[in-house]
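Take a look at the structure set out below.
Being a predicted model, the structure only gives us computed values, none of them experimental. Every chain is numbered from 1 and lettered A, B, ... according to where its sequence line falls, protein lines coming before strand lines.
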Amino acid sequence: MEVKTDVKVQLKEAVEKAITTLLSKAETLEGADPIAAPVVVIQDTPNDKPGDYGTPVAFLLAKALKKNPVTLAAELAKTLELPFGISRAEAVGPYLNFFVDVAGYIESIVRDPLNIPSKNLKVIVEHTSVNPNKELHVGHLRNVVLGDAMARIYREAGYTVEVQNYIDDTGRQAADSIFAARHYGAVWDGIQKYDHWLGELYVRLHQDLKDPEIKAALEPQIREVIHQLERGELRSEIEKVVKAQLETCYALGVEYDLLVWESDIVGSGFLDKAMKILEKSEYCSHPLEGKYKGCFVMDTSHFLPGLEDPILVLLRSDGTATYTSKDIAQQFWKFGLFEGLDYLEFTVQPSEKYLFATHSNGKPHAFAHANRVVNVIDSRQEHPQKVVKTSMAIAGYPNEYENSIHLSYNTVSLEGQAISGRKGITVPMDQVMQEAKSRAADELAGRGILDDLKNPDKVTFQVGLGGLRFSMLKSERTREIDFQWDAALSLVGDNAVYIQYAAARANSIIRKAKEAGLNSDRADYTLLGNLELELVKEIARFPMILENTVRDNSPHHVAHYGLELANCFNGYYNHKDQNQKTDTKVIDSSLPDGLQCARLAVVERMFKALERTLGVLGIEVPAEM
RNA sequence: GCACCCGUAGCUCAGUUGGAUAGAGCGUUGGCCUCCGAAGCCAAAGGUCACAGGUUCAAGUCCCGUCGGGUGCACCA
């Protein structure tokens, strides 16, 4: 039999076709101007309404044709060519509703592997990009987890994905830390994690710099370190920090394709090329007098309303570049406008995939050349990111402008307080993960099952970190998150554990069903009913969820879908008939073999859907819990 | 001051880019394991979708205004 992916897509096409014939008839009758076909939206019907899917398109037609929507819906229902899996169409008032053919529909979904075709488009996701001078803390968590989930989702949706992590190795913060180590004569003991060790020196230095005299005395020496960094003389120092930071990311299950070193971008000549391009823009100029005399500036007033001063400096009067102009050059490079960077293998990641880094002594490689660029940066950077995006348009690349995406997210506070490394209101990410695992272990121990697990370390890791990731992903990007230990690591309710538990339960059923000799190949789908249909309809929503997630660049759609699917399965599993007896059992020898096997097929498909949903969020399904 | 984001149940949040009687979790109350995993399920209670106008056959969703919360407006990095 023919198995097609999305019934809704087919319905949409069928309705569109019916409308086209209906419209052409209307036109020939009246000889009037062609009427634009309305957009057809197929939606799920409310629970208490007849049908499984429906569309309100008759309203729009009614307006265009100046006819009654009720009669139009009825007419469409009659003329519509039903796609496979749909048994009939019916007008419910002005709505046009569809009833699925239960057996055919379920089989088509259950047997569909849901392979999403390759889009032949490349998207670069840049995330993490933490200053290489201290350990990652809880404030970075949202960035890393959001970026990683988005990368996985793009990959799932058929895009080629390149994950970049930007290393600001010439910045003030890196200089501070390296200087601090020298200044205090500190020697790394080789035991403490290197980034933590360096971070402590950084904090200590900032305590001392509060004294103006000390600051004045040390400032020239720090500047000298910056110059050393710019010349690339301290690269091995920075590499040590980056490697320590990456250990944290790996522990979270996050990997990258490429580290982009700022010093390499600076040394590439991209900046000059980018500025030459912007020279041609009417928005850019070299003021000959006034506040910005001698600078190269951009007038942002046309696209960034509300700034007190719309003039943005790209090149300072001493000729050096500002951060924004470096970002612009880098964005041009990401879209493949510039060539010339070289790359080296930097390290091997836990998955055994190489991590590359830009390097002046490297070799050419097929990085960059993206069709879409997603920069994961918090919402406080909206202005500079808008300038970066707009620069693509100014430079004459409207398509690249459209595909420059600032994945902006609101900040994370810690138990109601703003995170501040200097005030000590923060927690290192390594510690957060450790705490997450130990809470998961406590929970398992409290249930008395910790000792029964074959691999307790793995399970506590999967449960603890799953919860942590989920807490960063379940809200919309624009929402502020207050990180609270109890809520983030809670193991009840609206949480990754809920989904993991449903998956574990399904897995257990599948295992026992196989032990009982059941096999989904023997499924008789005609024996299934509305209970299975509800579950399968939920499974079928996955492609649309992915689509919405890519559209909004917000993984929270996937997180909520996971909860809904798990909830749907739990409801199915617990369903009871009027006599309070479970009527959805898979393994029940009093039932026909074909029914048991069909239910097994549905549960197997549901399990795969859950695994996949959690997978794109970077959350694993424990084999036992 | 100006701009952007947010305001939905007591709390934390969804709401398929304008459709049918606004949904979850936590908390509260009551029920469900001799039955494939109770980290679960079912039920009850809880709403002027901040407020006031407008557009539309149809507004939590779009537009205008007001109020409240957050963030941003450097030749810093």
Taking any heavy-atom pair under 4.0 Å as a contact, classify A/S408: base, sugar-phosphate, or nothing. nothing

Quick one about A/D486 and A/Q484 (side-chain donor to acceptor, distance below 3.5 Å, no hydrogens or angles considered), yes or no? no

What is the glycosidic conformation of B/C33: syn, defined as within 90° of 0, or anti? syn

Verify stack between A/F59 ring and B/G19 base, 5.5 Å, 30 degrees: yes

Taking OP1 and OP2 of B/A39, is either one under 4.0 Å from a side-chain nitrogen or oxygen of A/R439? no

Do A/Y202 and A/N131 have a side chain donor and acceptor closer than 3.5 Å? no

Indicate whether any N or O donor in one side chain lies under 3.5 Å from an N or O acceptor in the other, for A/E534 and A/Y572. no

If the test is side chain to side chain contact (heavy atoms under 4.5 Å, CB included), which one of A/I481, A/L468, A/V412 qualifies with A/L141? A/L468

Hey, is A/Y573 doing a stacking thing with B/C36, by the 5.5 Å centroid and 30° angle criteria? yes

Between the side chains of A/T170 and A/E262, does any donor sit under 3.5 Å from an acceptor? yes

Considering residues, nucleotides and ligands other than A/E515, do more than 12 of their heavy atoms fall under 6.0 Å from its CD? yes

Which is true for A/L600 with a 4.0 Å heavy-atom rule: it touches a base, it touches only sugar-phosphate, or it touches nothing? nothing

Measure the distance from CD1 on A/I226 to P on B/C76 and round it to the nearest whole Å. 12 Å

Please work out if A/K63 contacts a base, only the sugar-phosphate, or nothing of the nucleic acid, heavy-atom cut-off 4.0 Å. sugar-phosphate

A/R447, nearest nucleotide to its side chain (from B/U71, B/C76, B/A39): B/A39

N/O-N/O pairs, protein side and nucleotides 7-14 of chain B side, under 3.5 Å:
| from | atom 1 | to | atom 2 | distance (Å) |
| --- | --- | --- | --- | --- |
| B/G7 | OP1 | A/R479 | NH2 | 3.2 |
| B/C13 | O3' | A/R479 | NE | 3.3 |
| B/A14 | OP1 | A/E476 | N | 2.5 |
| B/A14 | OP1 | A/R479 | NE | 3.4 |
| B/A14 | OP2 | A/R479 | NE | 2.8 |
| B/A14 | OP2 | A/R479 | NH2 | 2.9 |

B/U16 phosphate, OP1 or OP2, under 4.0 Å from A/Y53 side-chain N/O: no

Both atom distances under 3.5 Å, Watson-Crick or G-U wobble: I'd like the secondary structure of RNA chain B as a dot-bracket string, with | for pairs made across strands. (((((((..((((.....[...)))).(((((.......))))).....((.((..]....)).)))))))))....

Report which part of the nucleic acid A/L314 touches: base, sugar-phosphate, or nothing (heavy-atom distance under 4.0 Å, all strands). nothing

Return the nearest nucleotide to the side chain of A/P46; candidates are B/A20, B/C36, B/G72. B/A20

A/Q43 near the nucleic acid: base, sugar-phosphate alone, or nothing, with a heavy-atom cut-off under 4.0 Å? base

CG of A/N570 versus P of B/G25: gap in Å, rounded? 11 Å

Would you classify A/T478 as touching base, sugar-phosphate or nothing, given that sugar-phosphate means primed atoms plus P, OP1 and OP2, and contacts are heavy atoms under 4.0 Å? sugar-phosphate

Could you give the NE2-to-P distance, from A/H227 to B/A77, as a whole number of Å? 10 Å

Are A/Y498 and A/N570 linked by a side-chain donor-acceptor pair shorter than 3.5 Å? yes

What contact category does A/R172 fall into here, base, sugar-phosphate, or nothing, at under 4.0 angstrom with non-hydrogen atoms? sugar-phosphate

Quick one: label A/N97 by what it contacts on the DNA or RNA (base, sugar-phosphate, nothing), any heavy atom closer than 4.0 Å. base

Rounded to whole Å, CG of A/L315 lies from C1' of B/C75 at a distance of 10 Å

Please check if any side-chain donor atom of A/D169 sits under 3.5 Å from a side-chain acceptor atom of A/S263, or the reverse. yes

Donor + acceptor pair across side chains of A/N410, A/T478 (<3.5 Å): no

Crowding at CZ, A/R223 (>12 non-hydrogen neighbours, <6.0 Å): no

Quick one: label A/K576 by what it contacts on the DNA or RNA (base, sugar-phosphate, nothing), any heavy atom closer than 4.0 Å. sugar-phosphate

Using a 4.0 Å heavy-atom cut-off, does A/A513 contact any base of the nucleic acid, only the sugar-phosphate backbone, or nothing at all? nothing

Look at all strands and tell whether A/K49 reaches a base, only sugar-phosphate, or nothing, counting heavy atoms closer than 4.0 Å. base

Most 5' of A/P384 and A/Q381 on RNA chain B, judged by nearest nucleotide: A/P384

Classify A/N567 by what it touches in the nucleic acid, base, sugar-phosphate, or nothing, heavy-atom distance under 4.0 Å. sugar-phosphate

Tell me whether the guanidinium CZ or amine NZ of A/R541 lies under 6.0 angstrom from the six-membered ring centre of A/Y561 and within 45° of its axis. no

Grab the OH-C1' distance between A/Y501 and B/C36 for me, whole Å please. 12 Å

Expressed in angstrom and rounded to an integer, what is the separation of A/K386 atom NZ from B/A3 atom P? 13 Å

Distance check needed: B/C35 P versus A/N579 CG, whole Å only. 18 Å

Return the 5'-most residue of the pair A/K585, A/M544 with respect to RNA chain B, ranking by each residue's nearest nucleotide. A/M544

Whether A/Y95 stacks on the six-membered ring of B/A20 base, 5.5 Å and 30° limits: yes

Using atom CD of A/E604 as one end and atom P of B/C36 as the other, report the distance to the nearest whole Å. 19 Å

Say whether A/N553 and A/R477, considering side chains only, have a donor N or O and an acceptor N or O under 3.5 Å apart. no

Need one value for A/T320: base, sugar-phosphate or nothing, where a base atom within 4.0 Å counts as base even if backbone is also close, heavy atoms only. nothing

Picking from B/U56, B/C36, B/G37, which would you name as closest to the side chain of A/V586? B/C36

